[in-house]
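Before any comments, here is the structure.
Scope of the values below: all heavy atoms of this structure, side chains included, with no hydrogens, waters or symmetry mates. Keep in mind it's a predicted model, so treat the numbers as computed, not measured.
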Amino acid sequence: DELLGKAGSQWDGRAIIEFLAETEMEIVVMLEGIEPIGSCTIQARHSYTYDQIMFNHDFKDPVSRDPDGRCVVNIEAMNQTVPLEG
């Protein structure tokens, strides 16, 4: 495939970005969950265009444990990304 580059090599991120830009493609993400108290289904949808996608990044982990072992969710970290190493 032209977007993956030569056999045995890593994918070419520039080719992917160019393809998404030229085709004006966007990626739609849908998230669905169940609210535990009322058992209501909750849905969220977001659309990303090529210029919003961060290649070679990962989301920062927003969940940790406090010294007592309880889960702590850092809401501010939910949209933060960190670059991947390598």
Measure the spacing between [atom1] of [X] and [atom2] of [Y] and express it to the nearest 0.5 Å.
X	Y	atom1	atom2	result
K60	N79	NZ	CG	12.0 Å
H46	I27	NE2	CD1	11.0 Å
N74	Q80	CG	CD	7.0 Å
E85	N56	CD	CG	12.0 Å

[Y] reachable from [X] in the ILVMFWY side-chain graph, under 4.5 Å edges:
X	Y	answer
Y48	I17	yes
I75	V63	yes
Y50	V29	yes

Applying side chain to side chain contact (heavy atoms under 4.5 Å, CB included), run through L20 and I53 and close with a yes or a no. CA-CA 10 Å; L20 293 173; I53 299 170; 4.0 Å; yes

Quick check, are the ring centers of F55 and H57 under 6.0 angstrom apart? no

[atom1] ([X]) with more than 12 external heavy atoms under 6.0 Å:
X	atom1	value
E32	CD	yes
E76	CD	no
I42	CD1	yes

ring-ring contact (aromatic ring centres under 6.0 Å, His included) partners of F59, counting only residues at least two apart: none

Please check this pair: side chain of D68 against backbone of R70, looking for a donor-acceptor N/O pair closer than 3.5 Å. no

Output yes when a side-chain donor or acceptor of Q52 lies under 3.5 Å from a complementary backbone atom of T49, and no otherwise. yes

Does any non-hydrogen side-chain atom of R45 lie less than 4.5 Å from one of V28? yes

